[in-house]
Amino acid sequence: MPTSKSTESYSPLALTPKPELRPPQQTLPDPTTTMNVLEFFRQRFAQAIADESQRPAFADAVRPATDPKFGDYQANGSMAIAKAAKRNPRDIANEVAEAVNLEPMADKPELAGPGFLNVRLRNNQIESLLADLLKDDRLGIETPAIPKTVVVDYSSPNVAKPMHVGHIRSTIIGESLARTLAALGHHVIRDNHLGDWGAQFGMILWGYKNLLHNDAYETDPVHELARLYKAVQSQIKPAETYEETYQKAFQLLKAGKADEAETVASKISGPDGPDWADIQAQTAAAALIRDQARQETAKLHSGDSENRQLWGQFMPHCLKMLEDVYQRLDVRFDVQLGESFYDPMLADVVTDLQAKAIATNSEGATVCFCKATKAPMLVRKSDGAFTYATTDLATIRYRALRWNPDQVLYVVDHRQGDHFHQLFETAKTWGFDKVDFRHVAFGTILDQSGRPLKTREGDAVGLAGILDEAVQVARGVVDENSPELSPQERAQVAEIVGIGAVKYADLSQNRSSDYKFDLHKMMAMNGNTATYLQYAYARIQSILRKAETSEDALRTNTPPISLAHPAERALGMQILRLPETLEQATVEMKPNLVAEYLFELANRYSSFYSECPVLRADEPSIRQSRLALCAATSRLLRFGLNLLGIQVVERM
RNA sequence: GCGUUCAUAGCUCAGUAGGAUAGAGCGGCGGUUUCCUAAACCGCAGGCCGCAGGUUCGAAUCCUGCUGGACGCACCA
């Protein structure tokens, strides 16, 4: 697997890029047949509605059945039409049932309840669609008539800081969305917008100049830089903690609440009451280092040659730190352009915004007023420094010129919602109004007690440590359950299962929910987990091996598929729902829909597995049919897990 | 104060452009292995969908209010 590649240089002085417009779009002919079953029924029902204005709504009201006893799909639009037309919904449904043509997929729908139309696919149709899907290179997924160009902005860590658990969501969700969009046939650019120009470099620079262990730096610069960052951070920390507490206590004193002030102050003091002299000294010492570190940052930004040179020296090591994690997570980017890359463009961005009267001066700063929020968006501070909003605007312009994207996804923490509202509004005013900007927000990572895991409070569990631990737990299970595998194989299985568990725990949840980080749950190797899916996959491979056949063999020479047993039919139906699931997942940008689909698929396969013997089937034709079902399931599991960034193993 | 968001089984969570009897995993209880990997399968118990109104044939889903939590609100990114 290729690891993340950096196609750009890391000079902060890198200049304006070459335009690289997107490849010419091809308009593909619409396929005459569709493998998107849901879409098929939607179109057929729409055609049966006399009033054209009602068609889209009626089509949308075609859904997978809520209960198997209602069939496979249901059309619920009759009630809505009846309301508008002030007619009896059952009469409407009757008319639709008469008019609709579901050939050859299904018979006439059945009327039920207040006006539901229930559809049941014919087995011979499912059977032939399954055979088609098994043979099809694209698993029945249609290429879009007009592929979109989509920039996915995700991961975006601050370099020089070790990645911790808080970075995992953006990285994993973004990677999954990128893979899914690409699999559907869109043109995807994966862009890692690195924080490579921020205050953390001031801290490292200060650490380098004051705390460096020379030998350690010589032998392992990556490790030493990480140590320096941590050391400086812990020395600065008291300044923030104490100042915050001071301020709160002071406010309370001012409000005449001396008792409460005392309580607050006691948090940073011993049981004998606050030792103000001591606290003050600590705070002052920490604040001094903090200020000096800030000065180092300022010097870097203003072009100080020593700091620039050191920055250039640190960067490769910082990137190496990230590289290792990305490689392990099987994440790669098309471009990694950090804040430093855009730095030379910022002055021009502000000038342009001012010239177009989008930005104005206010209280000494340059700001853009927005409808989206009360507070304006700062593009230049009163001290002349630019902000991350300026960088984001420069980035938008650069991406627009280089790729001309239809859509830009920002896979970022939901707490930045206001910022993106402002940013998108300004960008559209600025002239980028054709681009569909989307903040793909996700919930906060919480600790065990339900409180947000805070980046700056230290003690955040390192990402590498999490992965190690997951792999270790997986190794224990592998060793216990599969002693027949070689140690090398067990190690490889443990790596794939462990990492998969961590990813799946995150991706199987709705991204907008807050996410309670639970190591124990993540590493459970049963239930709704990646392991369950990987296990189902491994069992299929075992059957194929024993049958001395393969996916490829069953694809080139596909036997007739027959769905006589209910478990076979249930599995077959689920297989056919892949295209509609992926469609929905990318419309809503929700990988958990893919995860849910795969869990249901594995679930139905497991039932099939226990109820329908494959190798010991009564007749050769049944055996062949079941092998084909196994091969189709196998392809889907591997493909679907790959969309989640999760790998499979042949044995486990 | 303004704004955003959340509240569903003991726990962790799905489900919201309104649809039929609200689902899953874990945990609990009970079954299944002479048979393709038991990391599995099957079953049972468990709910005032935070509270109160409203909209309508129909509300976990939409509207209003309330309660409780999280987050954001001009020079950090």
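Keep in mind that the numbers below use all heavy atoms, side chains included, and drop hydrogens, waters and symmetry copies. Per chain, numbering begins at 1; letters A, B, ... match sequence-line order.
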If you measure from the ring centre of A/Tyr609 to the centre of the six-membered ring in the base of B/A40, is it under 5.5 Å, with the planes under 30° apart? no
Do the side chain of A/Thr586 and the main chain of A/Leu582 share a donor and acceptor less than 3.5 angstrom apart? yes
Within the pair A/Tyr535 and B/A39, is there a side-chain N or O less than 4.0 Å away from OP1 or OP2? yes
A/Ser513 side chain near B/C6 phosphate (N/O to OP1/OP2, under 4.0 Å): no
Phosphate oxygens OP1/OP2 of B/U37: is one of them under 4.0 Å from a side-chain N or O of A/Arg651? no
Taking N and O atoms by type only, does the side chain of A/Asn510 place a donor or acceptor under 3.5 Å from a partner on the base of B/A14? no
Consider the side chain of A/Lys69, meaning its heavy atoms from C-beta on, and name the nucleotide among B/A20, B/C41, B/U21 that approaches it most closely. B/U21
Exercise: do A/Tyr342 and A/Asp392 side chains pair donor with acceptor under 3.5 Å: no
Nearest-angstrom distance, C1' atom, B/A17 to B/C13: 23 Å
How is A/Glu363 classified with respect to the nucleic acid when contacts are heavy atoms under 4.0 Å: base, sugar-phosphate, or nothing? base
Mind checking A/Cys612 for me? I need base, sugar-phosphate or nothing, with any heavy atom below 4.0 Å counting as a touch. base
Base partner of B/C71, which must satisfy Watson-Crick or wobble distances under 3.5 Å: B/G3
B/A22 base / A/Asp67 side chain donor-acceptor hit below 3.5 Å: no
Take the protein atom OH of A/Tyr605 and the nucleotide atom P of B/C42, then report the distance between them rounded to whole Å. 14 Å
When you get a sec, tell me which of B/A77, B/A39, B/A20 is the closest nucleotide to the side chain of A/Thr66? B/A20
Roughly, in whole Å, what's the span from CG in A/Asp514 to P in B/U4? 17 Å
Just call it for A/Asn526: base, sugar-phosphate, or nothing, with non-hydrogen atoms closer than 4.0 Å on any strand. sugar-phosphate
Residue pair A/Tyr532 / A/Gly527: nearest heavy atoms and the distance that separates them: CB-O, 3.2 Å
If I pick the C1' atom on B/G46 and the same atom on B/A9, what distance separates them, to the nearest angstrom? 6 Å
For A/Met79, report the nucleic acid contact type (base, sugar-phosphate, nothing); a contact means any heavy atom under 4.0 Å. base
Measure up the A/His419 and A/Tyr388 rings against each other and bin them: parallel (under 30°), tilted (30 to 60°), perpendicular (over 60°). parallel
Scan A/Asp60 against the nucleic acid and name what it touches under 4.0 Å (heavy atoms): base, sugar-phosphate only, or nothing. base
Check every atom of B/A39, B/C13, B/A74 against the side chain of A/Val367 and return the nucleotide holding the closest atom. B/A74
Any A/Lys516 side-chain N or O less than 4.0 Å from OP1/OP2 of B/C11: no
Taking atom P of B/A24 as reference, at what distance in whole Å does atom CD of A/Gln509 sit? 18 Å
In whole angstroms, how far is the C1' atom of B/U37 from the CG atom of A/Leu615? 12 Å
Per the atom types in the model, does the base of B/G58 pair as donor or acceptor with the side chain of A/Lys83 at under 3.5 Å? yes
Expressed in whole Å, how much space separates the P atoms belonging to B/G23 and B/G47? 14 Å
Short side-chain N/O contact to B/C76 OP1/OP2 from A/Arg294, under 4.0 Å: no
B/U37 OP1/OP2 closer than 4.0 Å to side-chain N/O of A/Ser542: yes
Looking at A/Tyr532, I'd like to know whether one of its side-chain N or O atoms comes within less than 4.0 Å of OP1 or OP2 on B/C41. yes
Base, sugar-phosphate alone, or nothing: which one does A/Gln534 contact when heavy atoms must sit under 4.0 Å apart? nothing
So, A/Gln541 side chain and A/Tyr537 main chain: donor-acceptor pair closer than 3.5 Å or not? yes
Can a donor-acceptor pair under 3.5 Å be found between the side-chain atoms of A/Glu596 and the base atoms of B/A14? no
RNA chain B nearest-nucleotide lookup for A/Arg511 and A/Ala474: closer to the 5′ end is A/Arg511
Residue A/Leu378, side-chain atoms from C-beta onward, closest of B/G19, B/A74, B/C36: B/A74
Taking the C1' atom in each of B/U61 and B/C49, what is the distance between them to the nearest angstrom? 10 Å
Ring-plane angle category for A/Phe45 and A/Phe41, please: parallel below 30°, perpendicular beyond 60°, tilted otherwise. tilted
Watson-Crick or G-U wobble partner for B/C44, using a 3.5 Å limit on both distances? B/G28
Looking at B/A39, B/A77, B/A20, which one has an atom nearest to any side-chain atom of A/Asn118? B/A20
Say you pick atom P in B/G30 and the same atom in B/G68; how far apart are they, in whole Å? 43 Å
How far, in whole Å, is B/C51 from B/G10 if one measures between their P atoms? 13 Å
Between A/Gln292 and A/Trp206, is there a side-chain donor-acceptor contact under 3.5 Å, judged purely by atom types and distance? yes
Consider only side-chain N and O atoms of A/Thr391 and A/Glu339, and report whether a donor and an acceptor are under 3.5 Å apart. no
Assign A/Ala112 to base, sugar-phosphate, or nothing according to its heavy-atom contacts below 4.0 angstrom with the strands shown. base
For the P atoms, the ones on B/U33 and on B/A38, what distance do you get once it is rounded to whole angstrom? 13 Å
Ignoring the backbone of A/Asp418, work out which of B/A74, B/C36, B/G72 is nearest its side chain. B/G72
Minimum-distance nucleotide (side-chain atoms of A/Lys590 versus B/G15, B/A77, B/G18): B/G15
With a 4.0 Å cutoff (strictly under), does any side-chain N or O of A/Asn528 reach OP1 or OP2 of B/A24? no
When we call it a touch if two heavy atoms are under 4.0 Å apart, what does A/Ser382 touch: a base, just sugar-phosphate, or nothing? base
Between B/G25 and B/A14, how far apart are the two C1' atoms, rounded to whole Å? 10 Å
For this output row, return yes or no: ring centroids of A/Phe420 and A/Tyr410 closer than 6.0 angstrom. yes
Rounded to whole Å, CZ of A/Arg415 lies from P of B/G3 at a distance of 22 Å
From the options B/A74, B/A77, B/A39, select the nucleotide whose nearest atom is closest to the side chain of A/Ala375. B/A74
With a 3.5 Å limit on both atom pairs, tell me what B/A14 is paired to, counting Watson-Crick and G-U wobble, or say none. none
Which is true for A/Phe70 with a 4.0 Å heavy-atom rule: it touches a base, it touches only sugar-phosphate, or it touches nothing? base
Checking only heavy atoms, does the side chain of A/Ser362 share a donor-acceptor pair with the base of B/A74 at less than 3.5 Å? yes
Starting at the 5' end of RNA chain B, which residue's closest nucleotide do you reach first, A/Phe386 or A/Pro376? A/Pro376
In a check of side-chain hydrogen bond (donor to acceptor under 3.5 Å, both in side chains) between A/Asn510 and each of A/Ser508, A/Ser513, A/Ser512, which one passes? A/Ser512
A/Ser607 side chain near B/C42 phosphate (N/O to OP1/OP2, under 4.0 Å): yes
What does B/C36 pair with, Watson-Crick or G-U, if both distances are under 3.5 Å? none
